[in-house]
Protein chains: 2
Amino acid sequence: MIRVVLAEDQAMVRGALASLLGLEPDIDVVGEAASGDELLTVAARVQPDIALLDIEMPGMDGIAAAGKLRESLPGCRVMILTTFGRPGYLRRAMESGASAFLVKDSPARELAAAIRRVQAGERVIDPALAAAALSAGPNPLSPRERDVLIASANGSTISDIAAHLHLSEGTVRNYLSSAIQKTSARNRTEALQRAGDQGWL
Amino acid sequence: MIRVVLAEDQAMVRGALASLLGLEPDIDVVGEAASGDELLTVAARVQPDIALLDIEMPGMDGIAAAGKLRESLPGCRVMILTTFGRPGYLRRAMESGASAFLVKDSPARELAAAIRRVQAGERVIDPALAAAALSAGPNPLSPRERDVLIASANGSTISDIAAHLHLSEGTVRNYLSSAIQKTSARNRTEALQRAGDQGWL
DNA sequence: GGTACGCGGTGACATTTGTCAGACCTAGTC
DNA sequence: GACTAGGTCTGACAAATGTCACCGCGTACC
């Protein structure tokens with residue numbers, strides 16, 4: 001039996017995935033978690049073969065949880081299952097030691113097949129996504145530019161961001177300006193969208 | 001047997017929900033659709049008792065599809081199952097004739113229970129959401145203000161929006177300004193976020 | 001030692017954005 | 001007919017935003 005834990009914040013989706021996998025004779029869902037933090041404690045207790053993680057979760061996200069899990073349970077393989085196939089997500093997921101990257105747009109039957117391939121030692125990646133990740137270069141944003149862009153997401157003004165990051169307003173403007181240019185956008189909103197689409201945040 | 005069709009754009013979630021409902025002895029998933037448009041053709045063919053719709057779908061969204069379905073198949077009850085419980089969504093869903101409004105945060109076992117209650121003629125609404133909808137007033141945005149706000153979402157400039165909606169730039173600025181005030185925001189980004197949270201878009 | 005890069009800052013400048021007052025037209029309501 | 005609300009427009013103004021040039025500091029790397 002392949003022992004699997006699920007981490008996914010939406011309870012109904014989590015339960016539905018569990019029932020989907022429950023139909024497979026060789027797969028056993030031995031634990032569930034609603035956040036990255038919860039996953040780590042559950043995995044420590046049940047010692048799964050495979051952890052199936054969503055990226056978008058409250059608290060620690062799926063990619064961060066993947067990295068922690070690789071440290072604490074090296075024998076457990078990590079699979080990322082997420083809504084959006086952003087190239088940057090894939091890159092970060094692979095760097096944090098994931099064995100698979102699936103998107104929720106794929107047919108449901110592929111999930112069990114992917115789990116078996118990962119258990120056999122293969123790496124499973126959506127081919128279209130792999131191509132996109134190779135064609136898109138690495139993240140051009142410096143850490144600070146990234147911080148400033150993220151802080152501007154909820155409609156904050158320059159002075160809000162400056163206060164929040166303990167910077168001068170001029171510095172914030174400079175970072176924002178260079179982030180806008182690096183994303184070849186025309187304003188912060190567009191820059192935020194482009195960077196988000198690439199998975200640079 | 002209760003005959004159900006599912007409409008949900010993410011194939012894996014759709015398949016998982018189907019397998020979840022497949023476990024219930026009195027529920028039969030007789031059709032699936034990946035968009036609002038597809039739902040209407042599928043429902044016309046299989047004549048279900050209940051349609052379970054996600055809101056966020058490409059093309060016709062779940063609420064619009066609910067309205068159309070009520071016209072073409074008055075005997076079929078509509079249930080909305082969605083990620084976010086925005087008050088405005090609930091209001092619009094109810095106005096378009098939905099019998100239930102569930103959020104994906106709820107436990108998986110509640111889904112089958114809700115389906116049975118709807119089949120029995122009840123209306124099922126998340127109590128916390130109902131309270132939020134009652135406390136939040138109706139949508140204060142005029143149709144044009146709403147259009148302009150939506151068009152500004154992807155980082156468009158004033159002149160982009162003006163060209164797109166065939167308006168003068170001054171007019172766009174005026175609408176945007178009044179939308180910002182009605183949402184008590186400080187700029188369009190914040191206004192967009194507030195309006196989105198309320199389900200006013 | 002020189003060079004490059006990221007971080008943090010200043011000051012000046014042009015453009016964009018948000019606000020306000022006012023105008024005209026239409027459709028509905030009392 | 002008067003009144004209101006929404007839609008469309010203009011012009012003017014202040015504030016916010018984006019760009020540019022330039023400075024200093026530290027830490028890499030060759």
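Residue numbers begin at 1 in each chain, while the letters A, B, ... track the order of the sequences.
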query = Between D:dT8, C:dG18, D:dG6, which nucleotide gets closest to the side-chain atoms of B:I180?
reply =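 Minimum distance to the B:I180 side chain belongs to C:dG18.
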
query = If you check every side-chain atom of A:R144, which of D:dG7, D:dG18, C:dC7 has the closest atom?
reply =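 Closest nucleotide among those given: C:dC7.
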
Length of the line joining [X]:[atom1] and [N]:[atom2], which is rounded to integer Å:
X      : N      : atom1 : atom2 : value
A:I161 : D:dG18 : CD1   : P     : 9 Å
A:L192 : D:dT17 : CG    : C1'   : 15 Å
A:E145 : C:dG6  : CD    : C1'   : 9 Å
A:K182 : C:dC5  : NZ    : P     : 10 Å
B:I158 : C:dT16 : CD1   : P     : 10 Å
B:L149 : C:dG18 : CG    : P     : 10 Å
A:L165 : C:dG9  : CG    : P     : 11 Å
B:L141 : D:dG7  : CG    : P     : 11 Å

inquiry  = Run the side chain to side chain contact (heavy atoms under 4.5 Å, CB included) test on B:V172 and B:L165 for me, step by step, so that the C-alpha distance in whole Å, both residues' side-chain angles and the decisive distance to 0.1 Å come before the verdict.
reply    = CA-CA 9 Å; B:V172 172; B:L165 296 179; 5.6 Å; no

[N], OP1 or OP2 - any side-chain N/O from [X] closer than 4.0 Å?
X      : N      : result
B:R188 : C:dT17 : yes
A:Q181 : D:dG18 : no
B:Y175 : D:dT8  : yes
A:S177 : D:dT19 : yes
B:T157 : C:dT17 : no

query = Taking atom CZ of A:R123 as the centre, does the number of heavy atoms from other residues, nucleotides or ligands within less than 6.0 Å exceed 12?
reply =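 Check passes, neighbour count above 12.
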
inquiry  = Is it the case that over 12 heavy atoms from other parts of the model lie below 6.0 angstrom from the NZ atom of A:K68?
reply    =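 Atom NZ in A:K68 is not packed in, count stays at 12 or less.
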
message = Test side chain to side chain contact (heavy atoms under 4.5 Å, CB included) on B:R186 and A:D160; report intermediate values, then the result.
response = CA-CA 12 Å; B:R186 290 171 305 169; A:D160 287 346; 2.7 Å; yes

Dump every N/O contact between nucleotides 9-15 of chain D and the protein below 3.5 Å, one line per pair.
residue : atom : partner : partner atom : Å
D:dC9   : OP2  : B:S168  : N            : 2.8
D:dC9   : OP2  : B:T171  : OG1          : 3.3
D:dC9   : N4   : B:N174  : ND2          : 2.8
D:dT10  : OP2  : B:S168  : OG           : 3.3
D:dT10  : O4   : B:N174  : ND2          : 2.9

message = Using side chain to side chain contact (heavy atoms under 4.5 Å, CB included), reason through A:Y175 and A:L167 one step at a time and then give a plain yes or no.
response = CA-CA 11 Å; A:Y175 285 141; A:L167 292 175; 4.3 Å; yes

task = Test B:L176 against every option in B:N187, B:T171, B:I158 by the side-chain contact (heavy atoms from CB on, under 4.5 Å) rule and name the one that passes.
result =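 Single pass found, and it is B:I158.
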
request  = Applying side chain to side chain donor-acceptor pair (under 3.5 Å), run through A:E190 and A:T183 and close with a yes or a no.
outcome  = CA-CA 8 Å; A:E190 214 171 60; A:T183 51; over 6 Å; no

